[in-house]
Amino acid sequence: MRKLIVLVLLAMMVVSCSTNEDIPFVQNGNGFYINANNLSATDEHRMDLEAGDKLSISAEVEKGFMSLIVISPSGEKPFEGNFTEVKSFEISLDETGTYLFYVKLNRFTGRLEVNREISN
């Protein structure tokens with residue numbers, strides 16, 4: 001009986017630590033943004049992009065932690081990093097196709113914005 005109680009308590013702890021919330025990705029013109037308030041979640045977003053495009057990425061972290069991985073159609077990672085403060089930068093894309101944006105938030109309050117600057 002004691003083992004059963006311990007197993008039930010451990011299962012309850014694992015369930016309470018998991019995140020089932022989706023990250024609220026909002027499509028915005030040539031990109032997307034996330035506004036979050038004390039959110040812990042992991043989610044992904046996809047965008048069709050062209051070789052030569054640039055991505056303008058801006059992160060505003062009020063509190064918590066955010067991780068972003070950008071994965072190209074071939075599986076390369078043109079960006080992988082963590083954010084704990086305000087940060088803005090650009091990355092250039094070498095491939096045409098669908099890119100995956102993998103985002104992980106931990107008690108995150110702030111904003112992430114990704115905009116596509118179309119190549120000529």
Participant: Under a plain distance cut-off of 3.5 Å, with no hydrogens placed, do T98 and D48 share a side-chain donor-acceptor pair?
Facilitator: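 Yes - a donor-acceptor pair under 3.5 Å links their side chains.
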Participant: Kindly write out the residues that satisfy ring-ring contact (aromatic ring centres under 6.0 Å, His included) with Y102, not counting sequence neighbours, or none if the list is empty.
Facilitator: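 ring-ring contact (aromatic ring centres under 6.0 Å, His included) list for Y102, sorted by chain: empty.
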Participant: Can you confirm whether V103 sits close enough to T42 that some side-chain heavy atom of one is under 4.5 Å from a side-chain heavy atom of the other?
Facilitator: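 No, side chains not in contact.
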Participant: So V114 and Y33, do their side chains get closer than 4.5 Å, heavy atoms only?
Facilitator: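 The answer is no, as the side chains (C-beta and beyond) never meet within the 4.5 Å cut-off.
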Participant: Only distances under 3.5 Å count here; give the side-chain donor-acceptor pairs of residues 54-71 to other protein atoms, sequence neighbours excluded, each with its distance to 0.1 Å.
Facilitator:
| unit_1 | atom_1 | unit_2 | atom_2 | d |
| --- | --- | --- | --- | --- |
| S58 | OG | S88 | OG | 3.3 |
| S67 | OG | N82 | OD1 | 3.4 |

Participant: F32: which residues meet the ring-ring contact (aromatic ring centres under 6.0 Å, His included) condition with it, sequence neighbours left out?
Facilitator: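 If we apply the ring-ring contact (aromatic ring centres under 6.0 Å, His included) test to F32, skipping adjacent residues, the hits are F25, H45, F101.
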Participant: What residues form a side chain to side chain donor-acceptor pair (under 3.5 Å) with D43, not counting sequence neighbours?
Facilitator: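 Partners of D43 under the side chain to side chain donor-acceptor pair (under 3.5 Å) test: none.
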Participant: Does the side chain of N30 reach to within under 4.5 Å of the side chain of N115, using non-hydrogen atoms?
Facilitator: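 They are not in side-chain contact.
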Participant: Suppose we screen for side chain to side chain donor-acceptor pair (under 3.5 Å). Which residues come up paired with N35, at least two apart in sequence or across chains?
Facilitator: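 So N35 forms a side chain to side chain donor-acceptor pair (under 3.5 Å) with R111.
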Participant: Check the hydrophobic clustering (I, L, V, M, F, W, Y; side-chain heavy atoms under 4.5 Å; chains of links allowed) and say if I91 and I34 are grouped together.
Facilitator: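 Shared cluster, yes.
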Participant: Of all heavy-atom pairs between T96 and A51, which one has the smallest distance, and what is that distance?
Facilitator: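 That closest heavy-atom pairing would be OG1-N, 3.0 Å.
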Participant: Quick one: closest heavy-atom pair of E50 and L93, and the distance?
Facilitator: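 Minimum heavy-atom separation between E50 and L93: O-CB, 4.1 Å.
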Participant: Counting C-beta onward and ignoring hydrogens, is there a side-chain heavy-atom pair between S40 and N106 closer than 4.5 Å?
Facilitator: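 Yes - at least one pair of side-chain heavy atoms lies under 4.5 Å apart.
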Participant: Please collect all salt bridge (charged side-chain N to carboxylate O under 4.0 Å, His left out) contacts where either partner lies in residues 76-97, sequence neighbours excluded, each pair once.
Facilitator: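 Residue pairs with at least one partner in residues 76-97: K77-E80.
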Participant: Please step through ring-ring contact (aromatic ring centres under 6.0 Å, His included) for the pair F89 and F79, ending with a clear verdict.
Facilitator: CA-CA 11 Å; F89 58 95; F79 179 79; 4.8 Å; yes
